[in-house]
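Side-chain atoms are counted along with the backbone in the values below, which use heavy atoms only and exclude waters and symmetry mates. Naming convention: chains lettered A, B, ... in sequence-line order (proteins, then strands); numbering from 1 in each chain. Not measured: the values here are computed from a predicted model.
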2 protein chains.
Amino acid sequence: MASQRGEGETTTTPAEPADRERARAIPEAAVARLAVYLRVLSGMADQGVTAVSSEELSQAAGVNAAKLRKDLSYIGSYGTRGVGYDVEVLVSHIERILGLTRNHSVAVVGIGNLGHALANYGGFPGRGFPVTALFDVDEDLVGIPVGGIPVSHIDDITAVCLEREVSIGVIATPPPAAQSVCDRLVSAGVQCILNFAPVVLQVPDNVEVRKVDLAVEMQILSFHVARRADEAASVSVGNNGLGVDGMVIRP
Amino acid sequence: MASQRGEGETTTTPAEPADRERARAIPEAAVARLAVYLRVLSGMADQGVTAVSSEELSQAAGVNAAKLRKDLSYIGSYGTRGVGYDVEVLVSHIERILGLTRNHSVAVVGIGNLGHALANYGGFPGRGFPVTALFDVDEDLVGIPVGGIPVSHIDDITAVCLEREVSIGVIATPPPAAQSVCDRLVSAGVQCILNFAPVVLQVPDNVEVRKVDLAVEMQILSFHVARRADEAASVSVGNNGLGVDGMVIRP
DNA sequence: CCGACTTTGTGCATGCGTTCACAAGCGGTA
DNA sequence: TACCGCTTGTGAACGCATGCACAAAGTCGG
Ligand SMILES: NC(=O)c1ccc[n+]([C@@H]2O[C@H](COP(=O)([O-])OP(=O)(O)OC[C@H]3O[C@@H](n4cnc5c(N)ncnc54)[C@H](O)[C@@H]3O)[C@@H](O)[C@H]2O)c1
Ligand SMILES: NC(=O)c1ccc[n+]([C@@H]2O[C@H](COP(=O)([O-])OP(=O)(O)OC[C@H]3O[C@@H](n4cnc5c(N)ncnc54)[C@H](O)[C@@H]3O)[C@@H](O)[C@H]2O)c1
């Protein structure tokens, strides 16, 4: 039911494909950072930089240098001691680990405010994520091209997803429709879902979901201001108690 | 320079104001989940639900029940053993901890594809995050209302932010402009930034930044498909075990 | 060819976050 | 009132991630 990480796997690693087997051991947090390193490295490559040290790269990526080296060590040892890393080499290794050696076709469902923005965004194709299908229930939208791609009707989702080999589904519908859309994507064989609707999606174990919840992001920020305000209050007022039943306000 | 967590803090926690002092101890990850619980609880309240058990709530929020109880314990003990939690009570306590007892005015900078979507989105005001200011460099956009709010020129950012008491700045400009916009927001006194541009922002210690990077999200998804594909390959090929050089995985 | 210098890769300790498991506490019932 | 069953709240164990510190490994100048 629940987590099921390593499944059956009685096996230890076979000798040869150490490269990909290694992938399983990469911490989730490190994967997210590898994607950031990749972006930074790509930028450097574009500017003609050919080599980079862990110190430089870590600064550019906004992380600790030791952490960066450890992250890179998860994917192998491709640096040169005393020198640093070859940018090209690193880029290609990270791309391989992240599975970016092939394109991942993306479908956007719900062509409203957000869906339009996503469909019109030019940043995805260049990074290996071409948007190849758009879906909506609204008959008035069906057939109209957005960002160069005509909107399909949601009822055709299975056929279209299979035909265009969609591997990532993006949900940008209103919350009530999200679960149903998700189910449809799953039955169309989509195994990766990026969800913008503020809803907890229910999916089978073999489907990976990531959510982007802007309200939550803002609330986290809100928490930090509140905390900071309280700290300030504690310090300046001397914090002589009184906090009793809570509801302390701002300085 | 770098992290600076607990800083000067020679003080131990004073006795009384346990309520807010507690806030400092809440793990970052728990804060994010609290926001999710809040959303779920609000939905329940709207449907007339008055009480909920940790089991029910955790299922609705998609997390482990024990984790949920621990998360709630960070903000105090407001449940009733043998019964569960009062929805109203929980909502108001979480809101207080997250600093949602007052509104947080939001400014969006960069009214392009994404900026339009954000400005038009109706979900923020209802959650205590009214969008009160929009900025762009494009003269053609300035003055035009989007989502009911006229776009201001980026050069007026300081005055407008101060006037409207903006507490959260959202960056939706092209990457090259992001750092400069960020700097302007900071000098306008904004201490919370939500960044959509794929750029690592440099900010002073007293400013909180959260980033939303869709390309990174997709690359993480990509990693998981690749990993899964490899596992499948390993299994189907037989992978009859006997790992040689160690690196045991999980049972 | 050697020695000094630079930077990687990683073992280890530390801290944070998650999960388990259970005593404590409460409402309901007889 | 006393008991019973249910659910909370949390101590403690575990596992993962972070950061330090240094040996290993390579470059470069002489
Ligand atoms: N716009 C934003 O900035 C923003 C911010 C945060 C979260 N969100 C979330 O993103 C989602 C989309 O937001 P939006 O502002 O674009 O909404 P929207 O109302 O503008 O667009 C929703 C679109 O989905 C379509 N739709 C509805 N039901 C559908 C179904 N069953 N199948 C396919 N399409 C369907 C509608 O026809 C509409 O075109 C919402 O869940 C919202 O909460 C949006
Ligand atoms: N649209 C998406 O779905 C999407 C997805 C992922 C990431 N992003 C990122 O979000 C950002 C915005 O994307 P977009 O598609 O809306 O871009 P866009 O080009 O449509 O809009 C950018 C807007 O910013 C304005 N701008 C430029 N420089 C500015 C400055 N110095 N000050 C104020 N405004 C300025 C432009 O005039 C334009 O209106 C980009 O960094 C992009 O990489 C967007």
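Put simply, the side chain of A:V40 does not reach to within 4.5 Å of the side chain of A:Y37, judged on heavy atoms. By the 4.5 Å heavy-atom criterion applied to side chains, B:S105 and B:I168 are not counted as neighbours.
For the atom pair B:L41 CG and B:S92 OG, the distance stands at 11.0 Å (nearest 0.5 Å). How far OG1 of B:T101 is from CZ of B:R96: 8.5 Å, rounded to the nearest 0.5 Å. From B:R127, atom CZ reaches atom CD of A:Q219 across 6.5 Å, with rounding to the nearest 0.5 Å.
Rounding to whole angstrom units, CG of residue B:L68 and C1' of D:dT7 are separated by 12 Å. Look at CG on A:D86: it is 15 Å from C1' on C:dT7, rounded to the nearest Å. The CD atom of A:E55 sits 20 Å away from the P atom of C:dC5 (whole-angstrom rounding). Atom CG in B:L72 sits about 7 Å away from atom P in D:dG9, given to the nearest Å. Rounded to a whole Å, the CG atom of A:L90 is 14 Å from the C1' atom of C:dT7.
Of the candidates C:dT8, D:dT8, D:dT10, C:dT8 carries the atom nearest the A:Y85 side chain, counting heavy atoms from C-beta on.
For the residue pair A:S54/A:R69, the side-chain donor-acceptor check at 3.5 Å is satisfied.
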| query | Taking protein heavy atoms under 4.0 Å as touching, what does nucleotides 17-25 of chain C look like 5' to 3' if B marks base contact, S marks sugar-phosphate-only contact and - marks none? | reply | SBBBB--BB
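Contact check, A:S54 against C:dT7: no side-chain N or O comes under 4.0 Å of OP1 or OP2.
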